[in-house]
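Data first, discussion second: the structure below is written as structure tokens.
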Amino acid sequence: MGSKDIAVVGQDFSILKGEKSWVYKFINNHEILIARNYVDLRNFVFSIYVKCYSHNEDVVLIVRSKYFSNSKKYRLTKKWQRISVPVDADFNVELVEIYLFFPVTLKQFTVLSCALPQLEKGIKPSSPIPPDSQLPIIQLSKVVQSKCPMRAADILSIDFDKMEDMSEGVSTISCSFEMIFKIVHETKQILDDMFLTALSFYSRVDQDVKIVVGVSGSRGCRFVVKLYNGDEEKIYDTAIVAANQVYHVFLTFDNNNCTLYVNGFVALLFYLDSEIVFNKCYIGSDKGENSIDGLLRGYGVYRAPLLYQAVLHITKEKGEVEHDYNFDFMEGYFKYALGSKDERDTFSACLGNEGFSFLIRNLEFSLPQVIMEYSGGRKFTEDQVRDFVWALISRPSSVLQRERYSRPGRSDLVVCYPDTYSDKYNSFPVEFKIWGRAGYKDAPSQPLKYLNEDELCGVFVMLDRRKNADISDFEKIVSENEEYPCVSIRYLKILETDLRYFISFHRTSRFNHVKMMINVYLPLS
């Protein structure tokens with residue numbers, strides 16, 4: 001709200017539990033602008049909760065655009081009530097302005113609170129700019145219902161198959177969803193039996209797939225993704241704990257590769273076996289159940305999978321999450337995301353190592369070249385891929401060895417980088433393996449065998465030529481490593497390329513240290 005005819009005179013408890021609303025003093029007999037909305041719809045309802053501080057005051061709610069005006073008169077009381085105006089236009093509406101008018105002649109001012117302006121019916125998100133009204137996310141528990149009497153119409157949903165430009169639904173081949181919301185709960189208030197849903201997607205009936213993004217109390221109040229395929233349920237955890245602040249969430253689908261971003265961070269990656277077409281999306285709830293108790297700041301749907309740089313840019317542009325995405329900040333986030341002190345110490349030691357930086361830069365450069373060189377059915381061997389990468393990253397400042405023989409066996413490639421403070425070299429063994437070839441399940445142990453006490457990191461690259469490659473299969477092999485038990489698996493963004501990879505931490509019996517592995521998965525079907 002913003003007008004010379006409005007003055008803020010205080011605050012009051014909002015209709016929504018845990019939130020406050022401003023108390024305004026309105027000049028009577030004036031049309032006062034209270035909101036603007038970009039709705040891009042033909043049919044909709046604008047509504048808002050209002051509360052008066054004197055008995056039996058009249059107000060007229062007006063919805064107006066360049067081509068039409070519609071209004072409705074209400075009698076206000078000292079209790080919160082929803083007032084609304086329907087719009088049925090012959091063409092798509094663009095900018096809509098909302099006015100309040102108080103037809104009072106005996107006094108100059110009316111004191112009023114307004115809360116939760118909302119668009120109802122036929123909601124269609126615009127891209128890239130969502131409607132700029134503040135929409136509620138509804139908690140439908142009986143306790144909250146008694147204090148916050150919302151209706152079924154308050155549940156925001158998008159029917160893709162009823163939209164002209166999305167009539168065939170939204171596919172996991174190419175699309176992105178964005179949501180900005182505030183959670184009212186503190187961490188201690190999110191109980192084990194609670195699941196707070198941010199987004200839920202329902203497929204066509206013949207596919208019977210559902211994806212739910214939310215916060216799970218039973219999993220340490222972390223963001224999770226639930227994937228339901230018929231009677232089968234999979235749950236993917238992130239390392240990000242949610243409570244009592246604003247979150248900017250992106251879920252992108254790119255050829256069935258799914259990425260969840262939270263406040264600009266890569267929180268989770270997972271893969272779908274086949275293309276899914278969604279007909280409906282619920283915002284802030286799962287068909288009205290398991291809803292987030294909070295406020296929705298904005299949302300959007302994109303018909304393309306957004307790149308990581310675009311997600312960061314949009315997150316910063318929206319202004320809800322203030323971060324300077326420099327190296328120091330990202331390093332701090334990685335340390336936060338890591339669970340144990342051993343993990344944090346190992347990761348910090350790697351980040352402080354010049355050789356590790358050299359290794360990462362060359363992985364960023366060389367591995368996308370492998371995809372370009374060997375995709376499309378061309379035959380190759382592990383040795384050919386190793387030699388190809390070796391040729392790409394050979395530099396005067398480094399020493400690269402191929403097929404180093406030692407007591408444990410041999411490694412495909414060893415990147416040796418001189419230590420600035422001594423005459424030693426930092427070594428990073430790199431192992432290449434083709435899915436299904438002899439010994440591929442034991443291959444994740446290979447780089448770990450060549451690390452001495454001071455060396456902390458190796459690389460394992462799995463090349464997969466299956467038609468329906470699945471990164472979860474690869475992750476399972478790494479996590480079930482019996483020779484070097486896996487302490488944990490983390491998705492930490494240290495490569496700027498669009499590679500599918502994760503970091504795993506393993507306990508070594510030889511040195512009783514935690515070692516870090518970068519596990520790169522290259523589907524080459």
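Reckoned from all heavy atoms, side chains included, excluding hydrogens, waters and symmetry mates.
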Taking it one step at a time, do R500 and V520 satisfy side-chain contact (heavy atoms from CB on, under 4.5 Å)?
-> CA-CA 6 Å; R500 297 166 66 189; V520 183; over 6 Å; no

Decide side-chain contact (heavy atoms from CB on, under 4.5 Å) for Y74 and S84; before the verdict, give the C-alpha distance in whole Å, the side-chain angles of both, and the deciding distance to 0.1 Å.
-> CA-CA 9 Å; Y74 289 88; S84 61; 3.7 Å; yes

Please step through side-chain contact (heavy atoms from CB on, under 4.5 Å) for the pair V23 and Y53, ending with a clear verdict.
-> CA-CA 9 Å; V23 179; Y53 292 87; 3.5 Å; yes

Intermediate values then yes/no, side-chain contact (heavy atoms from CB on, under 4.5 Å), E57 and L112 = CA-CA 10 Å; E57 296 283 2; L112 190 76; over 6 Å; no

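N519 contributes no side-chain N or O that, together with a main-chain N or O of E475, makes up a donor-acceptor pair within less than 3.5 Å. Checked by atom type and distance alone, the side chain of S216 never pairs as donor or acceptor with a backbone atom of V224 at under 3.5 Å. With hydrogens and angles disregarded, no donor-acceptor distance shorter than 3.5 Å links the side chain of E97 to the backbone of L33. Between the side chain of Q81 and the main chain of R75, a donor-acceptor pair closer than 3.5 Å is present. Under a 3.5 Å cut-off, the side chain of S203 and the backbone N or O of I276 do not form any donor-acceptor pair. A donor-acceptor distance shorter than 3.5 angstrom exists from the side chain of N263 to the backbone of H248, with no hydrogens or angles considered.
Between Y49 and W80, the ring planes are perpendicular. Angles over 60° get that label, and only those under 30° would be called parallel. Relative ring orientation between Y282 and Y202 is described as perpendicular, the plane-to-plane angle rising above 60° on a 0-90° scale split at 30° and 60°. Under the 30°/60° scheme for interplanar angles, the aromatic rings of F253 and F201 are found to stand perpendicular. Aromatic ring orientation, Y261 versus F250: perpendicular (interplanar angle above 60°, classes split at 30° and 60°).
The shortest side-chain heavy-atom distance between I471 and F270 does not fall under the 4.5 Å cut-off. Looking at L268 and F223, their side chains never come closer than 4.5 Å, going by heavy atoms from C-beta outward. Side-chain contact between I518 and I360: present, with at least one pair of heavy atoms (C-beta onward) separated by less than 4.5 Å. Counting only heavy atoms from C-beta outward, the side chains of I62 and V85 never approach each other to under 4.5 Å.
Contacts of E232 classified as side-chain contact (heavy atoms from CB on, under 4.5 Å), with partners at least two apart in sequence or in another chain: K234. In terms of the side-chain contact (heavy atoms from CB on, under 4.5 Å) criterion, residue partners of S472 (sequence neighbours excluded) are, by chain and number, D470. Scanning for salt bridge (Lys or Arg N to Asp or Glu O under 4.0 Å) contacts around D473 gives R466, with sequence neighbours left out.
The ring of F474 has its center closer than 6.0 angstrom to the ring center of F502.
Between L522 and the choices D464, V370, I434, the side chain to side chain contact (heavy atoms under 4.5 Å, CB included) rule is met once, by V370.
Expressed to the nearest 0.5 Å, how far OH of Y99 lies from CD1 of I32 amounts to 11.5 Å.
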